[in-house]
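To find a chain, count down the sequence lines: A is the first, B the second, and so on, and within it residues start at 1. The figures that follow rest on heavy atoms only: side chains count, while hydrogens, waters and symmetry mates do not.
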Amino acid sequence: MNTTELQYDPQDVELKAQERWREKKFDQVGEDPSKPKFYLLEMFPYPSGKIHMGHVRNYTIGDVVARYKRMRGFNVLHPMGWDAFGMPAENAAIENKVHPAEWTRNNIRAMRDQLKRMGFSYDWSRELATCDPEYYRWEQLLFVRMMEKGLAYSKRSLVNWCPKCQTVLANEQVEDGYCWRHSDQEVVKKEMDGWFFKITDYAEELLEWTDKLPGWPERVLTMQRNWIGKSIGALIRFPMEDGGDPIEVFTTRQDTLFGATFMCLAPELPRSREIAAGTDQEPEVRAFIEKTLRVESYLRASDQMVKEGVFTGKYCVNPVTGRKMPVFIANFVVAEYGAGAVMAVPAHDQRDFEFARKYELPVVVVIQPTDRALDPDAMTEAYVDEGILVNSGEFDGLPNREAMDRIVDYLDSKGLGRRTVSYRLRDWGISRQRFWGAPIPVIYCDKCGTVPVPESDLPVILPEEAQLRENGGSPLPHLDSFVNVPCPRCGGPGRRETDTMDTFVESSWYFARFSCADYDEGPLDPERVNYWMPVNHYIGGIEHAILHLLYSRFYVKVMRDFGLLKVDEPFTNLLTQGMVCHETYECPVHGYLFPSEVSELKCPVCGGPVTVGPKVKMSKSKRNVVDPAVLIRNYGADTVRLFCLFASPPERDLEWSEQGVDGASRFLGRVWRLVTERMDDLRNVTPYRMETPLNGILKQLHRKTHQTIKKVTDDIEDRFHFNTAIAAVMELTNLVYKVLDESEESDKAALSVAAEAIETLLTLLFPFVPHIAEELWMHYTGGRELISRPWPEYHPESIVEDEIEIAVQVNGKLRSQIVVERDADRETLERTALSDERIRKWLEGKTIRKVIVVPGRLVNVVVS
RNA sequence: GCGAGAGUGGCGGAACCGGUAGACGCACUGGACUUAGGAUCCAGCGGUUAAUCACCGUAGGGGUUCGAAUCCCCUCUCUCGCACCA
């Protein structure tokens with residue numbers, strides 16, 4: 001065979017390799033106690049129809065680690081599945097008159113093909129789709145068990161409603177008052193019945209464990225801590241003057257209790273609506289509540305919002321001072337936090353202060369700073385810092401920090417209040433008025449009330465025959481065959497719950513199910529799940545920092561408490577990869593343009609000038625997406641993989657660059673030619689195995705080979721910095737070219753050292769660009785496979801340089817370099833440096849004050 | 001406002017512990033090969049400068065140190081998260 005004619009054809013190389021790997025089933029794993037396990041997972045995709053660059057990047061990073069860990073001898077679980085329930089399927093169904101199930105399954109098929117085409121090494125035997133009854137039946141079982149334990153419950157509440165989605169959203173799914181899926185759709189408040197998971201029961205544990213996850217980015221942990229929002233304070237009861245039910249207030253500033261002069265309630269509270277009933281104040285109060293609730297909550301939370309309220313005509317009593325406190329309803333009180341009621345201390349809280357000035361309410365100073373005296377009439381803002389208590393009865397003279405404890409003890413002993421902890425975290429509302437989701441397994445019976453579907457009747461199968469409704473609403477409530485069922489308890493007429501579960505429920509435990517996707521005796525096979533869990537490394541986008549990652553942590557703790565698995569946390573290490581960004585092209589008349597249609601910065605529609613916008617995340621609306629399918633067709637999967645890995649480290653944003661892809665492609669071509677052009681020569685030598693000592697450039701190449709092994713290993717192992725790992729392999733490639741260029745055709749020694757380098761560089765490249773690496777390896781070895789080869793080890797004695805360059809500085813500035821023996825001692829270094837010609841010039845006429853010698857690094861001569 | 005992170009050539013990014021700033025790649029420039037090249041190979045490539053072995057240079061200012069992109073203080077800018085949380 002004349003190997004020089006071998007052309008690099010990525011399509012041919014990649015399809016052949018993929019076919020081979022499929023037959024050999026390298027990616028399928030079982031539980032093998034003799035090997036250390038490694039569970040590597042990337043966030044599974046929603047089957048939208050085709051993969052985008054974000055997927056490609058995410059899964060490429062994961063595949064590198066999976067392949068690397070396999071070569072290191074780990075038993076690697078690397079599964080893939082589909083987060084298959086959700087809105088887009090329903091929208092597509094309405095638009096294209098295709099059933100969501102069919103649409104979803106077609107999409108899964110298409111995307112699976114694309115992932116396979118990328119050469120990702122998944123264990124496809126464990127594939128799962130969350131819309132499959134065999135998956136969601138176990139989710140329904142967990143729901144029923146959670147109901148039994150009181151962890152799932154229903155209640156009527158004010159919920160976030162998205163008119164576009166025609167469904168309720170969780171707090172976590174509302175962003176600045178807008179729907180997380182529809183950035184142009186305001187979320188409205190609506191009172192509805194719904195099911196909740198009691199995630200608040202786990203608030204403390206979820207918070208505690210944020211300190212025990214060293215493998216997570218600090219950023220994500222901080223976001224979760226903020227979201228849980230723990231504050232320690234007191235619950236204080238304020239009796240009503242007219243003897244009505246007392247008002248309970250949560251405060252973290254019980255030290256200011258003696259300064260509380262009025263009370264504020266959130267307009268959302270049922271109490272607020274009732275408090276003025278039948279009095280002269282009623283119309284005014286009612287009007288204020290209606291007006292405030294009409295304003296969207298996100299607007300109410302903004303700085304521009306003027307603090308307003310209405311007096312209810314009622315008074316409560318400060319339990320420690322006996323002062324009559326007027327009760328207001330105020331727009332700045334957040335219903336969801338604490339008790340939705342605030343004891344207002346205008347002297348020491350800025351909001352209360354503003355409110356008091358506006359409505360001319362009394363200001364009582366109870367904390368005095370040590371450096372001046374506050375005058376309540378002259379104050380222009382609240383005093384919120386530390387100080388000494390005054391006007392506080394027996395607590396006068398105490399530093400306010402100390403008073404916090406003392407006052408809460410006092411309240412407790414008098415039965416007026418108690419210590420308490422409040423969390424910002426709310427229970428997770430999981431009811432969705434959607435069709436394409438897992439049915440909530442509950443039946444309502446007039447006689448028996450709310451009855452869970454018995455475990456033996458599960459799954460409650462989503463009736464796929466249901467016809468979707470044009471307005472986007474769920475067809476389930478209108479499907480008599482689904483709704484009308486006998487009560488499982490009494491056999492009388494019952495009505496089935498028609499809401500489905502939030503799709504985040506499915507994604508909160510799929511990672512555990514991957515350990516035993518075919519298990520049919522329960523959600524999790526104890527033996528297998530305890531072998532594989534926890535996930536050693538989880539990789540996905542930062543956008544899930546709260547939602548998915550918090551829900552999953554909660555779910556694992558619930559499953560642990562049910563005895564289903566034995567871990568406390570799902571993910572030991574977390575890598576949040578950056579976004580894939582691209583510049584935007586915008587015509588002032590025609591809006592965003594597809595980059596491929598813009599030439600010479602002219603609008604393809606009107607010919608007018610086009611502005612190049614900032615680099616932002618690829619998105620359909622910005623029209624700046626690049627389709628990976630096109631790239632694969634033009635360059636092949638290896639080039640696309642290499643580009644994603646080389647352009648930036650994984651946690652940073654990746655800037656799309658056409659030239660960057662060309663560069664990646666060029667490097668692969670260079671590697672291809674390096675091996676194929678000298679194939680016959682290289683095959684006739686055995687790779688250098690340190691039989692004979694080397695000199696000069698050959699020694700340098702051998703050293704570089706081993707240095708590269710170390711560099712690539714360290715970069716993958718410590719930091720996932722694939723960009724620098726690849727740079728190191730590029731350097732090695734450049735040096736092999738140089739050596740082969742400079743040596744005679746028949747120079748056996750050169751060929752042998754080059755062979756060692758090539759063998760190494762193909763192995764090192766395998767996790768990154770597996771197809772081309774293996775193809776070249778097979779040519780080179782005459783048919784052996786690279787995939788089953790272990791990761792190379794470097795020889796420590798080979799990487800040390802015997803002569804090194806040492807920097808010589810004069811007063812900290814680089815002035816010369818000297819070449820010395822690797823282990824030259826301080827004295828030699830100093831002597832050599834001082835006798836260096838250039839250095840001598842710098843020392844002329846100066847006095848040497850000091851010579852600093854850092855062996856192996858530099859010499860610094862301090863002169864004056 | 002609070003919290004976290006970042007700021008390095010024309011660009012993406014290196015420099016991991018305070019020790020030769022700019023690895024590797026892109027773009028660009030020059031050359032070779034060639035009928036041709038948008039292929040490939042070689043060389044150059046932070047700025048000032050005719051040039052240098054000189055000077056300047058890691059957002060800006062100050063400090064610690066023999067020595068600072070790296071540590072400390074102040075200022076500016078950007079990104080992200082939270083935000084009337086009592």
Within this structure, what is the CG-to-P distance between A/Leu761 and B/C24, rounded to whole angstrom?
16 Å
Separation of atom CE in A/Met730 from atom C1' in B/C26, rounded to whole Å
10 Å
Heavy atoms under 4.0 Å, any strand shown: does A/Gln809 hit a base, just sugar-phosphate, or nothing?
base
With a 4.5 Å cut-off on side-chain heavy atoms, are A/Thr584 and A/Val612 touching?
no
Over all strands shown, is A/Lys813 touching base, sugar-phosphate only, or nothing at heavy-atom distances under 4.0 angstrom?
sugar-phosphate
Could you give the CD1-to-P distance, from A/Ile806 to B/G19, as a whole number of Å?
14 Å
Does B/C26 have OP1 or OP2 under 4.0 Å away from a side-chain N or O of A/Arg666?
yes
Separation of B/C41 atom P from A/Tyr737 atom OH, nearest Å, is 6 Å
Suppose we call two aromatic rings close when their centres sit under 6.0 Å apart. Are A/Phe355 and A/Phe353 close by that rule?
no
Rounded to whole Å, please give me the gap between CZ in A/Arg670 and C1' in B/A39.
14 Å
Given B/C82, B/C84, B/C24, identify the nucleotide with an atom nearest to the side chain of A/Arg351.
B/C84
Can you tell me if the side-chain N/O atoms of A/Arg424 get under 4.0 Å from OP1 or OP2 in B/A83?
yes
Taking the side chain as every heavy atom from C-beta outward, state whether A/Arg237 and A/Ile247 have any atom pair closer than 4.5 Å.
no
Under 4.0 Å between any heavy atoms, over every strand shown, what does A/Val862 touch: base, sugar-phosphate, or nothing? Just pick one.
sugar-phosphate
Look at the side chain of A/Lys850 and the base of B/C66, then say whether one donor and one acceptor between them are separated by less than 3.5 Å.
no
On the six-membered ring of A/Tyr8, is A/Arg673 placed so that its NZ or CZ lies under 6.0 angstrom from the centre and within 45° of the ring axis?
no
If we only count heavy atoms from C-beta on, is the A/Glu354 to A/Arg351 side-chain gap below 4.5 Å?
no
Presence of A/Arg815 side-chain N/O under 4.0 Å of B/A54 phosphate oxygens OP1/OP2
yes
Rounded to the nearest Å, what distance is computed from the CG atom of residue A/Asp836 to the C1' atom of nucleotide B/C53?
11 Å
Which one is paired to B/A54, where only Watson-Crick or G-U wobble pairs with both distances under 3.5 angstrom count?
B/U48
Measuring from the side chain of A/Lys307 (C-beta onward, heavy atoms only), which nucleotide among B/C84, B/C24, B/A86 has the closest atom?
B/C84
How is A/Ser657 classified with respect to the nucleic acid when contacts are heavy atoms under 4.0 Å: base, sugar-phosphate, or nothing?
nothing
Now, which nucleotide makes the Watson-Crick or G-U wobble pair with B/G7, with each of the two distances under 3.5 Å?
B/C76
Return the nearest nucleotide to the side chain of A/Trp842; candidates are B/A21, B/C84, B/A54.
B/A54
Check side chain to side chain donor-acceptor pair (under 3.5 Å) between A/Asp638 and all other residues, then give those that pass, not counting sequence neighbours.
A/His771
I need a per-nucleotide contact map over nucleotides 2-17 of chain B, read 5' to 3'. Cutoff is protein heavy atoms under 4.0 Å; write B for the base, S for backbone only, - otherwise.
-S--------BSSSB-
To the side chain of A/Gln659, which of B/C26, B/A86, B/G19 is closest?
B/C26
Applying the Watson-Crick and G-U wobble criteria at under 3.5 Å, what pairs with B/C2? Answer none if nothing qualifies.
B/G81
Just wondering, do A/Leu645 and A/Asn723 contact through their side chains at under 4.5 Å, heavy atoms?
no
Measure centre to centre between the rings of A/Tyr635 and A/Phe643, then say whether the value is under 6.0 Å.
no
Suppose we define a pair by two distances each less than 3.5 Å, Watson-Crick or G-U wobble; what does B/A15 pair with here?
none
Give the rounded distance in Å between these two atoms: CD of A/Glu336 and C1' of B/C82.
16 Å
Considering only heavy side-chain atoms of A/Leu814, the closest of B/C84, B/C66, B/A21 is B/A21
Report the distance from atom CG of A/Asp662 to atom C1' of B/C24, rounded to the nearest whole Å.
17 Å
